[in-house]
Amino acid sequence: MTCKNCLEKPVINLINNNIKLCKKHFNKYFEKKVFKTIKDYKLIGKNDKVAVGLSGGKDSLTLLSLLLKLKNKIKIFDLEAIAIDEGIKGYRDKTLDNAIKYCGENNVRLNIFSYKEEFGNTLDNFLKKSSMKACSMCGPFRRYLLNKKSKELGFTKLATGHNLDDEAQTIMMNYFRRNLETSARLGPITGILKDKRFIKRIKPLYFLTEKEIATYAFLNNLINEFSECPHSSDSYRGDVRDFLNNFESKYPGTKHSIITSFIEILPLLKEHFKNTLELKNCKICDEPCSQEICQTCKIVEILKKR
Ligand SMILES: [Zn+2]
Ligand SMILES: [Zn+2]
């Protein structure tokens with residue numbers, strides 16, 4: 001059993017188990033795919049100031065390492081990292097250490113913001129006071145801070161480590177919950193609205209699977225252990241993930257098909273929903289939202305009362 005392109009031992013079987021690649025050729029395949037996504041979808045342009053949303057896990061460290069390579073090669077954009085410390089003991093403190101170490105070694109400026117500083121307490125403590133599900137609180141808080149802080153720091157793009165598995169889950173979740181309008185904002189580059197109040201989000205790892213990214217991150221020493229958020233198991237997303245993984249192992253290629261089909265209909269979705277979302281500014285914080293008060297301020301108000 002050898003690599004498809006040489007006589008070396010393979011490190012991975014790509015989907016359908018018919019392409020086996022050694023470390024060197026897998027790295028080549030992986031990097032080419034990321035750079036092609038950036039080029040095909042025009043994710044980064046001249047004079048862009050790109051922030052990588054860095055959690056310190058495998059996806060975001062892989063993303064940062066590849067954008068660094070690209071930056072050093074084409075030298076047309078700026079690159080920094082932005083990290084959110086939710087305050088999840090035993091998990092985020094560890095991955096943040098990875099992030100700090102990587103940025104220190106590679107001369108990347110890292111901007112860290114915490115729930116404690118910005119919202120008054122850690123996620124762990126908020127959850128003790130509330131019956132809310134972790135992800136329903138954490139999701140809006142994190143998106144809010146990433147958007148607000150990226151704008152304040154003058155970034156033009158926010159790059160996130162979302163991969164093919166994440167996106168396939170989100171697409172299916174939006175179907176299951178009849179949330180198609182939310183899907184119109186997905187894709188390798190986000191937004192149906194050209195609105196300055198939202199930082200443009202780009203997802204260079206869009207067409208790579210979680211397995212491919214984990215393999216890349218381990219092979220290239222970006223991480224040495226796999227850590228998972230302790231709250232992720234009690235989420236709707238966790239159930240959809242397990243369902244898709246089971247389906248994928250029985251019918252290989254399923255996740256790629258979901259993404260390919262979605263990319264085909266995405267322009268129609270964007271066109272269909274382009275006028276439906278009217279954006280206001282939150283009366284409390286002035287960030288963009290669809291109602292009078294944004295989701296984040298609503299949650300903060302509820303938490304204050306406890
Ligand atoms: Zn090879
Ligand atoms: Zn608000």
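These figures come from a predicted structure and were not determined experimentally. Whatever order the structure lists them in is the order used to number ligands and atoms, beginning at 1.
- The minimum heavy-atom distance between Ala99 and Gly56, with the atom names listed, is CB-CA, 4.0 Å.
- No donor-acceptor contact under 3.5 angstrom links the side chains of Asp85 and Ser114, judged on distance only.
- You'll find the ring centres of Tyr115 and Phe141 inside the 6.0 Å limit.
- By the salt bridge (Lys or Arg N to Asp or Glu O under 4.0 Å) test, Lys24 is found to be paired with no residue, residues two or more places apart in sequence or in another chain being considered.
- Within the cation-pi definition used here (under 6.0 Å to the ring centroid, within 45° of the axis), Arg177 qualifies as a partner of Tyr236.
- Residues passing the salt bridge (Lys or Arg N to Asp or Glu O under 4.0 Å) test with Glu152, sequence neighbours excluded: Lys149.
- Minimum heavy-atom separation, Lys75 to Asn72: NZ-O, 2.8 Å.
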Can you check side-chain hydrogen bond (donor to acceptor under 3.5 Å, both in side chains) on Thr182 and Asn174, steps first, answer last? CA-CA 7 Å; Thr182 313; Asn174 287 340; 4.6 Å; no
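- Take a cut-off of 2.8 Å around the Zn ion (ligand 1): the protein N, O or S atoms inside it are Cys3 SG, Cys6 SG, Cys22 SG, His25 ND1.
- The tally of protein N/O/S atoms under 2.8 Å from the Zn ion (ligand 2) stands at 4.
- A donor-acceptor pair shorter than 3.5 Å can be found between the side chains of Ser55 and Ser60.
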